[in-house]
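Taking it in order: structure first as structure tokens, then the write-up.
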Amino acid sequence: MDADTLLDWYDVHAREMPWRVPPGEARRPDPYHVWLSEVMLQQTTVAAVRDYFVKFTSRWPTVDDLAAAEDADVMAAWAGLGYYARARNLLKCAREVAARGGFPDTEADLLDLPGIGPYTAAAVAAIAFDRPAVVLDGNVERVMARRHAIEEPLPDSKETLRTLAARHTPQHRPGDYAQAVMDLGATICTPKSPACGICPWMEECTGRLAGIAAELPRKRPKKAKPTRHGTVYFARRPDGAVLMETRPPKGLLGGMLALPTTDWSDAPAPAPPLTTEWRDVGEVRHTFTHFHLILDVAVAESFANPDRGMWVERHALDPDALPTLFRKAFKLGQSALGPI
DNA sequence: GAACCGTGGTA
DNA sequence: TTACCAAGGTT
């Protein structure tokens, strides 16, 4: 059977990860660890997640600890990892789970929780609770598309791929199987230049036999990214405090600590956040999911009371608590103004 | 279904 | 430098 071939491969080649219980061990992983890692891994690489996972579980060892955390502390700890709605939903979810006394152990109930969609519900059900849920992520889609030579492009082929994934999912060791397919996709059945020569499924892979494995899954072409412009303000008081603001709770970088900026478009620039002499010291470039951004960096030294935002004392200001865009701007502004 | 939502690594 | 890409969810 296909699944057993893959499980045999996984028993030997499973990658080590801080949230994972190696194959062969009888114990179940902590559902809190499984959930936290799966949320962090949404559209994010294992390498990027590893340190954040260790940081979160050290600081908040249980879901009850996380539920009791301050919003701003969690957002600051998540800073740099991206997709900040995940952090907002992480807290909502932790609080719901704490209130109900633990994680639900079925796919359907997990799906009701904030930030848990079809993939994460299936992954937690399978990995934490050993339920034979059908786990379908980008890896599984790619592996199935190649294994069965599905030439129809995504996302149209998604239901076909789901049906195929369900056909492969075993009743035995479904949690290990789910991680095995994803490991296969991450290490052998990679998006570019797949290592078909060492693949445990090479014999039965019709995509490889047809010589089109590397071209699959086909995808519809993506739209070009527009470039937006604006200005970011770095204002510093003589005592070192910096003018900051918390971004609106929804939307891009929602809920995150940030430097004040204009709108990002071709619209006329709104007034600066305080009345003073601004000096242009350069620009920062940053690319988001669906647009490029170029911000002029304006600096000033001032005592003035801001029209918006708040002065944050130097000792209370950690640039690592900012989204990457603002880390860049902060660094440029700080170096332009020089030491206090 | 499609738009929105980050980041860092890689070719 | 640019474009693509990764263990998706929400609206």
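Here is how names work: the chains are called A, B, and so on, in the same order as the sequence lines, proteins then strands, and each is numbered from 1.
- Whole-Å rounding puts the A:R142 CZ to C:dA6 C1' distance at 8 Å.
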For residues 288-304 of chain A, please give each side-chain donor-acceptor pair under 3.5 Å, one per line with the distance, not counting sequence neighbours.
unit_1, atom_1, unit_2, atom_2, d
A:H292, ND1, A:T287, OG1, 2.9
A:S302, OG, A:A304, N, 2.8

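- Considering only residues two or more places apart in sequence or on other chains, A:R88 meets the side chain to side chain contact (heavy atoms under 4.5 Å, CB included) condition with A:M75, A:Y84, A:A85.
- Grouping Ile, Leu, Val, Met, Phe, Trp and Tyr by side-chain contacts under 4.5 Å, direct or through others, puts A:I212 with A:L216.
- Remark: nothing in residues 48-66 of chain A comes within less than 4.0 Å of DNA chain C through any heavy atom.
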All N/O donor-acceptor pairs, side-chain side in residues 250-258 of chain A, below 3.5 Å, sequence neighbours left out:
none

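- Residues passing the side chain to side chain contact (heavy atoms under 4.5 Å, CB included) test with A:A72: none are found, sequence neighbours excluded.
- In the 5' to 3' direction, nucleotides of DNA chain B lying under 4.0 Å from heavy atoms of chain A begin and end at B:dA2 to B:dG8.
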Let me check something: any side-chain donor-acceptor pairs from residues 202-209 of chain A under 3.5 Å, sequence neighbours excluded? List them with distances.
unit_1, atom_1, unit_2, atom_2, d
A:T206, OG1, A:R147, O, 2.8
A:T206, OG1, A:A149, N, 3.3
A:R208, NE, A:M202, O, 2.8
A:R208, NH2, A:M202, O, 2.9

Donor-acceptor pairs under 3.5 Å, side chain of residues 108-129 of chain A to any protein atom, not counting sequence neighbours: which ones?
unit_1, atom_1, unit_2, atom_2, d
A:D109, OD2, A:T106, OG1, 3.3
A:Y119, OH, A:E38, OE1, 2.6
A:T120, OG1, A:Q42, NE2, 2.9

Please list each protein N or O that sits under 3.5 Å from an N or O in nucleotides 2-4 of chain C, with the distance.
none

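- With sequence neighbours excluded, the residues that form a salt bridge (charged side-chain N to carboxylate O under 4.0 Å, His left out) with A:D71 are A:R95.
- Residues of residues 321-333 of chain A having a heavy atom closer than 4.0 Å to DNA chain C: none are found.
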